[in-house]
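Heads up, the thing below is written out as structure tokens.
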Amino acid sequence: RYAVGQEDGSVTVRTFDNGAVVHRIAPRPDRPGSVKALLFSPSGSLLAIGVEGPRGFEARVIEPASGRELLNLRSPGNELALDFEPGERRVAVRGENGSIQILALDGGPSSSLPWTQSGVHPPTYLAFDPSGKRLASLSQWNGYSVLVWDVTRGQVEKRLVHRGIPFRVGWHPGGKLLALACADYAA
């Protein structure tokens, strides 16, 4: 399946084989805006939608099969800094104050990774490792950096500094390798 966002805030989910419509997700009538980002959860049962509208940028998490909205929050900046935990019970999102929030989708407890890094800009991209115990965040700090967080302890485990602007980061399925795409084309 693949999802396509529209200028009116709606999303259509289609099959790869013949393009048949599987689900239609209506825009929120009380919050008009244009879809700027989409991200399926690992199983494909949930869909994160980044919508830009008059109130700024908002992140929604939807269950496409039922159309049920599990999460809706303002997202500072102009992009969707969100990732699903591998178990799909929680999401990591960039919070209003620059913190990284770990939000429960099932009514369970939520937590926050404190953004006390002096001189570090809030994260622009987030990626859980396959175990869900670590989270990589892209930020600007003394150049550009990837911070690897221990989610359980709420602390930075490792800081990787790079001279180029980082665009995306991704974990190898084994959780021991981290790939970084940068503007300077160097690794």
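These figures come from a predicted structure and were not determined experimentally.
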Task: Residues, nucleotides or ligands: over 12 heavy atoms within 6.0 Å of E7 CD - done: no
TODO: Check step by step if side chain to side chain contact (heavy atoms under 4.5 Å, CB included) holds for Y125 and S137.
DONE: CA-CA 6 Å; Y125 193 81; S137 66; over 6 Å; no
TODO: Grab the two heavy atoms, one from L126 and one from D83, that are nearest each other, plus how far apart they are.
DONE: O-CB, 3.4 Å
TODO: Would you indicate whether the side-chain heavy atoms of R1 and H23 approach each other to under 4.5 Å?
DONE: yes
TODO: Please round to the nearest 0.5 Å and tell me the distance separating atom CG of L70 and atom CD of E63.
DONE: 6.0 Å
Open item on the list: We want to know whether E88 and S45 form a side-chain donor-acceptor pair, criterion being a heavy-atom distance below 3.5 angstrom.
Closed with: yes
Open item on the list: Once rounded to the nearest 0.5 Å, what's the spacing between atom NZ of K133 and atom CD of E157?
Closed with: 11.5 Å
Open item on the list: Show the nearest heavy-atom pair for residues G9 and P27, with the distance to one decimal.
Closed with: C-CB, 3.6 Å
- [ ] Would you sort out whether E52 and S34 count as a side chain to side chain donor-acceptor pair (under 3.5 Å), showing the intermediate values?
- [x] CA-CA 5 Å; E52 185 177 36; S34 177; over 6 Å; no
Open item on the list: Looking at every non-hydrogen atom in both residues, tell me the closest pair between S41 and F84 and how far apart they are.
Closed with: CA-CD1, 3.5 Å
- [ ] Check whether any side-chain heavy atom of N72 lies under 4.5 Å from a side-chain heavy atom of R28, and answer yes or no.
- [x] yes
TODO: Work out which heavy atom in W171 is nearest to a heavy atom in P130; give both atom names and the distance.
DONE: CB-CD, 3.8 Å
Task: ILVMFWY cluster, V156 and L135 together (side-chain gap under 4.5 Å) - done: yes
Task: Same cluster (ILVMFWY, side-chain, under 4.5 Å), I62 and V13 - done: yes
Task: Shortest non-hydrogen contact from P64 toward L47 - done: CG-CB, 3.9 Å
Task: Same apolar cluster (I L V M F W Y, side chains within < 4.5 Å links), L39/L105 - done: yes
Task: Carboxylate-amine/guanidinium contact R74 E58, below 4.0 Å - done: no
Open item on the list: Quick check for you: to the nearest 0.5 Å, what is the distance between L160 atom CG and L138 atom CG?
Closed with: 10.5 Å
- [ ] Check whether any side-chain heavy atom of K36 lies under 4.5 Å from a side-chain heavy atom of F57, and answer yes or no.
- [x] yes
Open item on the list: Quick check: Y2 with F16 (ring centres under 6.0 Å apart)?
Closed with: yes
TODO: Please tell me if the side chains of V61 and L82 come closer than 4.5 Å, counting only heavy atoms from C-beta onward.
DONE: yes
Task: Side chain T15, main chain A20, donor-acceptor under 3.5 Å - done: yes
Open item on the list: What's the separation between atom CG in L38 and atom CZ in R60, rounded to the nearest 0.5 Å?
Closed with: 11.0 Å
TODO: Decide yes or no for V11 and V4: does some side-chain heavy atom of the first lie under 4.5 Å from some side-chain heavy atom of the second?
DONE: no
- [ ] Run the numbers on L46 and F40 for side chain to side chain contact (heavy atoms under 4.5 Å, CB included), then give the verdict.
- [x] CA-CA 6 Å; L46 302 175; F40 274 111; over 6 Å; no
Task: Intermediate values then yes/no, side chain to side chain contact (heavy atoms under 4.5 Å, CB included), K176 and H172 - done: CA-CA 7 Å; K176 295 186 189 254; H172 178 273; over 6 Å; no
- [ ] Would you check if I49 and V35 make a side-chain contact, meaning some heavy-atom pair closer than 4.5 Å?
- [x] yes
Task: From L177 atom CG to D129 atom CG, the distance as rounded to the nearest 0.5 Å - done: 12.0 Å
Task: Shortest non-hydrogen contact from S111 toward R90 - done: OG-NH1, 4.4 Å
